[in-house]
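The next block holds one structure in the form of structure tokens; read it before the comments.
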Amino acid sequence: MAIALVLVLVVAGSILFHVFSPWWWTPIASNWAYIDHTISITFWITGIVFAAVVLFMAYCVYRFRHREGNRADYEPENRRLETWLTVVTGVGVAAMLVPGLFVWSQFVTVPADATEVEVIAQQWQWSFRLPGADGKLGTSDTTLVTGENVLGVNPEDTNGQDDVVVSAADLHLPIGKPVKMLLRSIDVLHDFYVPEFRAKMDMIPGAVTYFWFTPTRTGTFEVLCAELCGTGHAFMRGVVMVDTDEDYLAWLGEQQTFAQMSAPQQTGMAD
Amino acid sequence: MSIVLGFMAVVVGIAAWWLSQQRLMAKPWLETGNVDAYPRTESGSMPPAKIGMGVFLAVVGSLFALFTSAYFMRMGFTDWRSLPVPRILWLNTFILVLSSVALHCAVLAARNRRDDLVRLALVTGGMTAFAFLIGQWLAWRELTASGHFLTANPANSFFYLITGMHGLHILGGLVGLGTVTARAWRGAAADRLRLGVELCAMYWHFLLFVWLFVFVILAGWAEGFIEICRALLT
Amino acid sequence: MVDITQSGAEHVPPAEVGEVDLYHPHSWWTKYVFSQDAKVIAIQYSGTAIAIGMVALVLSWLMRLQLGFPGTFDFITPEAYYQFITMHGMIMVVYLLTALFLGGFGNYLIPLMVGARDMVFPYVNMLSYWIYLLAVLVLVASFFAPGGPTGAGWTLYPPQAIMTGTPGGQDAGIVLMLVSLALFIIGFTMGGLNYVVTVLQGRTRGMTLMRMPLTVWGIFTATVMALLAFPALFVACIMMLFDRLLGTSFFMPSIVEAGEQLAYGGGSPILFQHLFWFFGHPEVYIVALPAFGIVSDLISTHARKNIFGYRMMVWAIVGIGALSFIVWAHHMYVSGMHPYFGFFFATTTLIIAVPTAIKVYNWVLTLWRGDIHLTIPMLFALAFIVTFVNGGLTGLFLGNVVVDVPLSDTMFVVAHFHMVMGVAPILVIFGAIYHWYPKMTGRLLDETLGRFHFWVTFVGAYLIFFPMHYVGLMGVPRRYSELGDMSLLTDSAHSLNAFISIMAFIVGFAQLVFLFNLIWSIRHGKDAGPNPWRATSLEWQTAETPPTHGNFGKELPVVYRWAYDYSVPGAKEDFIPQNEPGTYPAARGH
């Protein structure tokens with residue numbers, strides 16, 4: 001009999017835990033509130049199903065527990081009931097899937113006015129590259145990485161000369177402007193993950209992946225690596241600061257371009 | 001992954017066909033009593049070893065389907081340089097066909113209880129298969145001699161990997177064939193010998209088929225097909 | 001690879017053998033060590049799997065020490081931590097669950113349940129175990145190799161799996177891991193051929209497919225899937241071995257490591273992920289389907305009622321098995337693969353929820369108007385439904401592509417898969433052991449110890465993994481060796497982590513009670529008799545308990561009915577064994 005009671009307690013406890021949990025997602029700082037909504041829909045549907053199934057089970061265990069002289073009913077199947085349950089399940093699943101797919105199609109469709117920001121991961125730090133005045137990022141390749149050219153930017157590419165290089169330092173983003181994060185790795189798999197932005201994507205050496213979002217709240221956010229990348233995985237942190245436009249421009253003005261960074265080396269060679 | 005999905009579709013097709021024969025729609029609680037009233041529901045009469053071989057070949061098929069799937073996916077990257085097909089592979093193919101034919105003759109001879117012919121065919125099958133392996137080794141030598149080493153290019157790596165895998169399977173088959181041949185020489189009972197010979201033949205025909213498939217792909221005649229697959233996937 | 005030509009020809013199918021003298025053991029060695037009896041092999045498989053599983057359990061304690069009390073235990077370095085998670089995951093998924101369900105329960109139950117004297121290829125079956133043991137030994141050897149076992153995570157993703165930044169990456173660890181897996185697959189293929197062909201060809205007279213217990217259906221379908229899916233892992237292992245040892249670039253792109261360009265170039269890490277998950281997702285169902293089958297039989301037997309919707313259950317098992325081959329990339333939504341794959345794989349993944357849900361309904365509906373005996377196997381079955389429903393429902397979060405984006409690679413995923421393919425199948429394994437132990441030994445496991453074990457395991461495991469979802473929801477990534485200084489982790493979250501760790505120790509210790517019970521009851525358990533649960537299926541109808549070699553004495557049983565004739569109206573007893581002839585007034589409404 002204890003089991004029936006425990007089953008009820010499991011449902012009640014789980015719901016209470018869910019409602020009163022101080023452990024919840026971080027306050028959102030991007031446009032992906034849709035994702036939170038989809039999660040909420042899923043919580044409702046799955047929560048109802050979980051409670052219904054387990055409570056029904058608890059009732060059965062209580063009501064039909066063995067007593068002397070009891071005999072079970074004989075019912076091999078019930079097509080109507082099974083069909084009905086299948087249809088209801090199908091509807092419930094569709095109710096989660098359809099909004100999910102709509103949001104996914106937004107997630108993978110980058111708006112035309114999004115500015116590109118490149119994130120370069122390596123064991124175990126983050127670097128960033130912003131397009132310069134020309135609004136274009138120069139090409140890059142892992143094989144071009146050297147002690148001076150740590151991000152592997154193509155020195156031949158004129159588009160790349162004015163690119164702003166932020167090596168192993170904080171990234172700043174202006175609030176309210178969509179950004180397309182271009183993700184690149186020069187060694188192993190990493191994953192650029194800021195919990196407050198909700199979005200994340202693996203970075204694959206030899207390829208460029210992406211996601212986009214619009215920062216909606218100023219503040220300082222911690223970047224976590226979300227794909228096991230070796231012993232330093234847990235320590236691979238970074239910082240993204242979402243600034244007002246003025247603050248952002250002020251920060252941008254202090255940064256060095258690729259040409260500036262490689263200039264001393266070129267003069268050195270000329271000597 | 002289109003190749004392996006195609007392979008899986010074939011397997012699922014066979015399974016679905018077989019299941020459709022098994023009265024899966026029947027209501028078993030109404031069908032009490034002697035099974036004779038419900039025809040075609042008993043275990044088949046085919047020897048388990050043959051069914052076992054069939055299942056094993058499905059596993060081998062899955063293995064090569066996956067290797068070729070990986071081949072196609074890796075092929076899409078820019079560093080891929082196809083390698084020249086050694087001419088000797090044509091000869092090897094011919095030899096492997098001979099080997100399969102010889103084993104088929106062995107099966108026919110075993111059915112007709114011609115023990116001397118069985119032995120001859122088994123030995124021929126074994127020798128030709130062995131010759132095939134030597135031929136494959138010569139093909140490897142030819143490639144390394146012309147600078148196409150294992151690590152020089154993914155196309156080379158796959159060539160050695162897949163032909164090597166296929167060769168290992170032939171080698172395993174030769175062990176089995178060797179036991180059957182030895183048994184034939186010791187004058188084993190005709191029925192048991194026949195089963196052994198038939199299993200070898202099944203395995204040989206399948207490995208011939210795998211080789212032809214692999215050869216077509218490694219030689220690059222399937223490029224058009226690959227393009228279609230890729231277009232479908234992207 | 002497996003050469004079945006010889007052994008196949010050497011053994012006449014058992015069904016046609018009157019006496020089992022053909023390969024009857026003659027010495028102690030061939031009876032207990034190099035035995036070809038599926039029942040002995042089953043016990044060998046189970047013993048090895050449980051032994052290596054205990055290692056994985058201890059590893060999980062060490063991980064929880066680090067996560068619950070960050071910075072307290074200096075000996076758990078990041079290197080050690082990653083080695084622990086890797087070995088824990090790999091052992092639990094492959095060497096414990098797969099081996100125990102298929103090698104253990106498959107070997108014990110298939111021949112008995114379908115009415116065969118043994119597996120069809122007993123010699124190959126024996127080889128299967130010894131190769132499995134070799135695989136386990138190679139795995140264990142990696143603990144003692146220089147550099148230790150691999151710390152690449154159980155998914156072994158390249159490039160990091162074979163690089164210096166990962167423990168064992170440039171040492172022997174990863175090589176031994178890959179070799180061990182390849183051996184496991186070869187051994188499993190040998191066993192798997194047996195399970196499949198025995199079900200196909202070894203069934204006794206009258207045992208039609210639709211009269212088989214769902215346990216056999218589950219193990220059979222899982223084996224077919226495993227035979228087709230394991231080659232994907234095999235291919236991935238071989239190709240990674242080539243990359244690691246011979247310097248090919250199948251998976252390895254151009255890489256700069258510590259400022260140095262490595263010799264690799266052009267390879268595709270995503271290719272490995274596709275191969276891995278083409279195996280990895282079916283693997284989830286390879287573990288789940290036998291559990292589905294077994295739990296169906298436990299519920300039916302102990303509720304004294306036929307399983308509700310047997311046909312639907314069979315179709316669902318087969319359907320899930322087939323569908324599970326086209327959902328693999330839902331593990332790769334944020335892997336950087338083409339985003340449009342997300343639409344396809346989210347849809348197939350959520351479709352697979354429908355047959356799975358039907359199975360849950362049918363289990364629960366079997367309880368309706370049953371005559372529920374709250375035995376220990378029944379308790380475990382009920383606990384399985386709770387944890388499986390819970391874990392299955394969180395799967396709907398992760399399967400729905402956009403919801404997966406924030407949750408993937410967080411503790412939410414860890415909680416989800418532990419609930420659904422860790423706790424749930426293991427609860428079934430416990431239930432099954434309490435259920436079939438009397439057949440294997442002739443004695444019941446101790447009731448008091450059993451109930452204690454049940455309550456601690458069920459409640460404890462739920463308390464470990466249910467709150468863990470919320471840690472993930474906060475955004476805490478998985479596979480972090482150090483949670484100490486994360487800005488989003490509040491003090492209360494640290495307390496929650498400590499609580500989870502303490503529960504993990506408690507649940508772990510309860511398993512020692514179970515192990516004690518297993519050994520103690522062999523001699524001191526209550527005498528069980530041949531059919532303590534009054535069950536219908538053939539394994540309970542053997543002439544001797546435990547069954548001897550050959551299973552059924554002189555004559556094989558003939559089957560007259562399905563495996564679920566419980567509480568048939570008009571029948572005297574509330575169960576009718578499958579081998580009992582005679583009909584009863586048809587049940588109402590059908």
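The chains referred to below are lettered A, B, ... by the order of the sequence lines, with proteins before strands, and numbering in each begins at 1.
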- Inter- and intrachain pairs under side-chain hydrogen bond (donor to acceptor under 3.5 Å, both in side chains), touching residues 473-483 of chain C, at least two apart: C:T155-C:R479
- Task: Kindly indicate whether the side chain of C:W363, heavy atoms from C-beta on, has any atom under 4.5 Å from the side chain of A:V53.
- Result: no
- Message: Give the interface residues of residues 82-89 of chain A toward chain C, defined by a heavy-atom separation under 4.5 Å.
- Response: A:E82, A:L85, A:T86, A:T89
- Message: With side-chain hydrogen bond (donor to acceptor under 3.5 Å, both in side chains) as the rule and sequence neighbours excluded, what pairs involving residues 387-403 of chain C come up?
- Response: C:N390-C:Y462, C:T394-C:H416
- Query: Take atom CZ in C:F344; do more than 12 heavy atoms of anything else shown fall under 6.0 Å from it?
  - Reply: yes
- Query: What residue, out of C:L488, C:L473, C:V459, has the most heavy-atom pairs lying under 4.5 Å from chain A?
  - Reply: C:L473
- Query: Under 3.5 Å, side chain of A:K200 to main-chain N/O of C:P406, donor-acceptor pair present?
  - Reply: yes
- Flag the pair C:V471 / A:W23 as yes when at least one side-chain heavy-atom distance between them is below 4.5 Å, and no otherwise. no
- Answer yes or no: is there a side-chain heavy-atom contact under 4.5 Å between A:F56 and C:L365? yes
- Passes side chain to side chain contact (heavy atoms under 4.5 Å, CB included), C:V386 versus A:L7? Steps please. CA-CA 8 Å; C:V386 174; A:L7 292 179; 3.4 Å; yes
- Applying the side-chain contact (heavy atoms from CB on, under 4.5 Å) test to C:L382, which of A:V6, A:V61, A:V54 qualifies? A:V61
- Query: Side chains of A:H233 and C:Y82: donor-acceptor distance under 3.5 Å anywhere?
  - Reply: no
- Non-hydrogen side-chain atoms of A:N70 and C:H373 separated by less than 4.5 Å: no
- Message: Using 0.5 Å steps for rounding, measure from the CD atom of C:Q160 to the CG atom of A:L228.
- Response: 4.5 Å
- Item | is_close_aromatic(C:Y566, A:Y74), centroid dist under 6.0 Å | no
- Item | side-chain hydrogen bond (donor to acceptor under 3.5 Å, both in side chains): pairs with one or both residues in residues 37-50 of chain A, sequence neighbours excluded | none
- Could you tell me whether A:R67 and C:D371 make a salt bridge, using a distance below 4.0 angstrom between a side-chain N and a carboxylate O? no
- Message: Taking the side chain as everything from C-beta on, heavy atoms only, tell me whether A:I3 gets closer than 4.5 Å to C:L374.
- Response: yes
- Message: Tell me whether A:E77 is salt-bridged to C:R311, with the criterion being a basic N under 4.0 Å from an acidic carboxylate O.
- Response: yes
- Task: Find out whether A:T231 and C:Y81 are in side-chain contact, i.e. whether some heavy atom of one side chain is under 4.5 Å from a heavy atom of the other.
- Result: no
- Name the orientation class of the two ring planes belonging to C:Y470 and A:F17 (parallel below 30°, tilted from 30 to 60°, perpendicular beyond 60°). perpendicular
